[in-house]
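Residue numbers begin at 1 in each chain, while the letters A, B, ... track the order of the sequences.
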Protein chains: 2
Amino acid sequence: MDRAEEPRRSKRVTITDVARHAGVSVAAVSKVLRNAYGVSPAMREKVQAAIAELGYRPHAAARGLRGRTYTIGVLLDNVRNAFFADILDGIRDELRNSEYTVLIGAAGFDPEEQAKTVRSLVDRQMDGLILIAPGTARDEVLATAASTPTVVIGHHDTADTHDSVVDADDIGAGLVVDHLVGLGHRDIALVSAQGTKANRWKRPPETVLTEGYLAAMERHGLAGHTRVHHAAYSDEGGFKAGMTLLTAERPPTAIMTGADVAALGIYRAAHELGLRIPDDLSLVGYNNTALAALAPVQLTSVDQAGHTMGATAARMLIERVEGRRDRAMRTTMTPRLVVRRSTAEQRGR
Amino acid sequence: MDRAEEPRRSKRVTITDVARHAGVSVAAVSKVLRNAYGVSPAMREKVQAAIAELGYRPHAAARGLRGRTYTIGVLLDNVRNAFFADILDGIRDELRNSEYTVLIGAAGFDPEEQAKTVRSLVDRQMDGLILIAPGTARDEVLATAASTPTVVIGHHDTADTHDSVVDADDIGAGLVVDHLVGLGHRDIALVSAQGTKANRWKRPPETVLTEGYLAAMERHGLAGHTRVHHAAYSDEGGFKAGMTLLTAERPPTAIMTGADVAALGIYRAAHELGLRIPDDLSLVGYNNTALAALAPVQLTSVDQAGHTMGATAARMLIERVEGRRDRAMRTTMTPRLVVRRSTAEQRGR
DNA sequence: GCCCTCGTGTAGAACGTTCTCTACTTCGAT
DNA sequence: ATCGAAGTAGAGAACGTTCTACACGAGGGC
């Protein structure tokens with residue numbers, strides 16, 4: 001029982017059609033397309049006219065078989081993270097007027113799922129990869145980086161196969177601690193992500209952040225007052241962390257977090273416990289996402305210049321893709337504190 | 001001056017390698033891969049062993065040249081819209097255990113940019129496309145739909161070349177008006193997106209929403225009280241709209257919007273004007289994004305079941321891609337009102 | 001005039017798959 | 001025994017590009 005004939009999907013215009021129409025060889029058209037060496041102005045003009053006339057667009061998948069696909073793949077765990085959106089914007093703006101297209105693989109948090117997505121991107125012949133704080137096993141990232149130019153955003157681990165763009169999270173943590181201490185706080189707790197274990201990244205952002213926090217506290221002579229609580233960077237994670245910390249025997253007067261969204265969860269917990277912000281609790285986020293600036297929120301946060309990070313990553317990647325650089329490099333951004341209304345002088349208790 | 005030799009990018013394992021290793025023909029391996037007809041159990045086993053042993057993965061770009069790429073492309077204007085994230089999750093969950101990969105093209109709001117992105121997706125041989133509220137010219141969408149299976153989310157325009165998934169936005173508007181009228185409000189304003197013009201979509205969500213609003217107001221005998229204000233669905237857009245509406249001669253006592261993020265802009269405007277929510281102004285969002293539920297916000301909103309919409313769109317698309325259906329269809333979701341703390345009884349003024 | 005070089009153009013292999021077609025078995029019915 | 005069908009395997013073209021290698025003609029230097 002055969003189904004009725006396929007609804008004739010219209011045929012694509014190919015390079016052969018263009019060549020025939022212009023009365024030249026396929027090779028010549030290809031040269032014009034890639035503006036390779038050895039094309040006379042007359043030839044170029046003829047071919048370009050034919051391209052325009054037929055509305056020809058190169059078939060990226062076919063291109064990929066030999067040369068480039070002019071496609072950059074971006075791995076993301078979570079579309080909801082507004083900070084990642086900033087990075088994406090940066091990438092997009094940098095690449096807007098190039099011939100490259102950006103495709104995003106949104107993988108979720110599961111490391112295996114992420115690994116699968118990275119493989120998908122490689123199998124689809126991406127010219128280059130930007131991995132935003134990948135949870136994938138480090139070895140696997142190094143392996144793909146060996147065959148496809150790769151930029152890793154977030155992890156501080158150095159490597160000579162891939163480039164890196166990171167934020168000086170330790171300095172960021174220091175900024176926050178300084179600010180809070182300046183307001184008279186001493187019991188300052190940090191809520192950061194659980195340091196991932198199995199994937200073998202030694203220096204994910206949360207680790208560096210924690211180090212910076214500990215160092216800054218020590219610098220202020222508050223080593224005995226440190227408290228690090230691990231929680232998922234989500235509303236729920238923040239809520240639970242907030243509940244735990246704020247109902248403890250000696251609750252902190254200020255809490256800083258590694259992500260704005262977690263800070264909002266803490267906000268909710270404080271609310272539920274009848275604590276006012278900033279009167280009873282100072283609260284600081286991280287990443288300065290749109291969330292933090294939102295009217296009813298007004299969260300003090302640390303700005304990471306996501307846009308710049310994205311743009312930088314894209315620029316570095318293209319250098320590699322086009323073979324203009326063959327040594328790994330790393331760019332470090334400097335964070336900046338943005339003070340809003342969620343932090344205030346500590347009142348005696 | 002030639003650069004030092006390329007750092008030898010490691011070679012891929014190809015189907016030929018697998019065939020050689022298993023001692024069979026390339027064609028046989030291909031058959032096993034696609035589990036096509038005409039493969040003996042012994043053959044299947046041998047080949048699968050070879051695949052596992054060599055760690056072979058099919059090269060999607062090469063596949064695309066003849067058959068499928070097992071890739072679904074999603075067009076998005078704005079990663080920041082949390083509602084779209086819900087849709088994406090739905091798509092991803094539906095496709096998780098299939099062999100398809102989802103790649104996202106984030107295009108921004110510019111219609112030309114979006115058109116470019118759609119073309120990019122087509123050129124990369126996506127097996128199917130999901131377009132979320134595309135701003136691209138309708139004709140162009142119809143043209144691509146003629147050659148690549150396509151599902152359009154959001155626009156209510158009917159078409160026989162592509163499938164559609166929409167929300168009954170008119171009913172959603174009705175729910176809000178009913179709720180607000182039930183609370184005693186009569187001066188209820190609507191802030192919705194500017195109806196797009198040039199792209200020739202006749203029934204984008206905002207148009208349907210506006211119709212529903214007008215119809216509901218009329219049903220309550222409030223036809224004379226309608227006020228529709230156009231604004232961009234962003235914090236800034238909402239802020240400006242709020243300023244205009246709330247400083248008018250006879251300001252509304254309730255404002256409903258087509259997007260949560262715009263409602264937050266209005267929130268900010270109200271704040272700035274010294275109006276309290278919900279005491280002085282009732283405010284309703286749309287889409288019930290994570291934003292609305294956020295602790296400090298607590299925005300009454302309309303839930304569109306983005307997750308289900310995404311999953312449905314994915315299911316419909318795959319049916320088409322695999323040729324199990326050849327007639328266009330449309331699925332309509334029913335919205336649900338989620339009442340939170342941003343709406344209250346209208347106090348006499 | 002002859003040989004080189006340079007600039008321009010083309011032929012055709014290659015990329016890694018899918019898929020149509022043909023060839024070879026084997027088995028059952030005649 | 002013979003024929004046909006059914007089941008399985010493989011050869012090789014095709015997909016739309018890139019890219020290497022080569023051919024050809026025009027100048028330039030001797």
Nearest heavy-atom pair of [X] and [Y]: which atoms, and what distance?
X: Gln114(B); Y: Leu75(B); answer: OE1-CD2, 3.8 Å
X: Thr69(B); Y: Gln125(B); answer: OG1-O, 2.7 Å
X: Asp127(A); Y: Val321(A); answer: O-CG2, 3.5 Å
X: Lys31(B); Y: Tyr37(B); answer: CD-O, 3.9 Å

Query raised in the report: Which residue, Leu76(B), Ile104(B), Ile153(B), forms the side-chain contact (heavy atoms from CB on, under 4.5 Å) with Phe84(B)?
Result: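 Considering Leu76(B), Ile104(B), Ile153(B), a side-chain contact (heavy atoms from CB on, under 4.5 Å) with Phe84(B) is found only for Leu76(B).
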Specify the separation, in whole Å, of atom [atom1] of [X] and atom [atom2] of [N].
X: Leu65(B); N: dG16(D); atom1: CG; atom2: C1'; result: 5 Å
X: His59(B); N: dG16(D); atom1: NE2; atom2: P; result: 17 Å
X: Arg124(A); N: dC15(C); atom1: CZ; atom2: P; result: 22 Å
X: Lys46(A); N: dG9(C); atom1: NZ; atom2: P; result: 7 Å
X: Arg68(A); N: dT18(D); atom1: CZ; atom2: P; result: 11 Å
X: Asp123(A); N: dC15(C); atom1: CG; atom2: P; result: 18 Å
X: Gln125(A); N: dG16(C); atom1: CD; atom2: P; result: 9 Å
X: Tyr37(B); N: dT20(C); atom1: OH; atom2: P; result: 15 Å

Atom pairs under 3.5 Å: protein N/O with N/O of nucleotides 9-14 of chain D:
| residue | atom | partner | partner atom | Å |
| --- | --- | --- | --- | --- |
| dA9(D) | OP1 | Ser40(B) | OG | 2.8 |
| dA9(D) | OP2 | Ser40(B) | N | 2.9 |
| dA9(D) | OP2 | Ser40(B) | OG | 3.1 |
| dA9(D) | N7 | Lys31(B) | NZ | 3.1 |
| dG10(D) | OP2 | Ser25(B) | N | 3.1 |
| dG10(D) | OP2 | Ser25(B) | OG | 3.3 |
| dA14(D) | N3 | Arg66(B) | NE | 3.3 |

Please enumerate all protein N or O atoms sitting under 3.5 Å from an N or O of nucleotides 23-28 of chain C, with distances to 0.1 Å.
none

Report summary line: Applying salt bridge (charged side-chain N to carboxylate O under 4.0 Å, His left out) to Glu45(B) and not counting sequence neighbours gives none
Write down the protein N/O and nucleotide N/O pairs, taken from nucleotides 25-28 of chain D, whose separation is under 3.5 Å; answer none if there are no such pairs.
none

Query raised in the report: Taking only N and O in the side chain of Tyr70(A), is any of them less than 4.0 Å away from OP1 or OP2 of dT18(D)?
Result: no
Query raised in the report: Taking OP1 and OP2 of dG16(C), is either one under 4.0 Å from a side-chain nitrogen or oxygen of Arg12(B)?
Result: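 Checking dG16(C) against Arg12(B), no side-chain N or O comes under 4.0 Å of OP1 or OP2.
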Query raised in the report: What nucleic acid atoms does Ser30(A) come within less than 4.0 Å of, heavy atoms only: base, sugar-phosphate, or nothing?
Result: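 Base contact - Ser30(A) has a heavy atom under 4.0 Å of at least one base atom.
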Query raised in the report: What is the nucleic acid contact for Arg34(A), judged by heavy atoms within less than 4.0 Å: base, sugar-phosphate only, or nothing?
Result: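 Base: the residue Arg34(A), judged by heavy atoms under 4.0 Å, touches a nucleobase.
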[X] and [Y] ion-paired at < 4.0 Å:
X: Asp123(A); Y: Arg12(B); value: yes
X: Glu99(A); Y: Arg57(A); value: no
X: Glu112(B); Y: Arg119(B); value: yes

Using residues 22-29 of chain B as the side-chain source, report each donor-acceptor pair under 3.5 Å to any protein atom, sequence neighbours left out, with the distance given to one decimal.
| residue | atom | partner | partner atom | Å |
| --- | --- | --- | --- | --- |
| Ser25(B) | OG | Ala27(B) | N | 3.4 |
| Ser25(B) | OG | Ala28(B) | N | 3.1 |

Query raised in the report: Can Arg124(B) and Thr71(A) be counted as having a side-chain donor-acceptor contact under 3.5 angstrom?
Result: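 Side-chain D/A pair, Arg124(B) to Thr71(A): present.
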Query raised in the report: Who pairs with Tyr56(B) by ring pair (Phe, Tyr, Trp, His ring centres under 6.0 Å), at least two apart in sequence or on another chain?
Result: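 Once residues adjacent in sequence are excluded, Tyr56(B) has no partner under the ring pair (Phe, Tyr, Trp, His ring centres under 6.0 Å) criterion.
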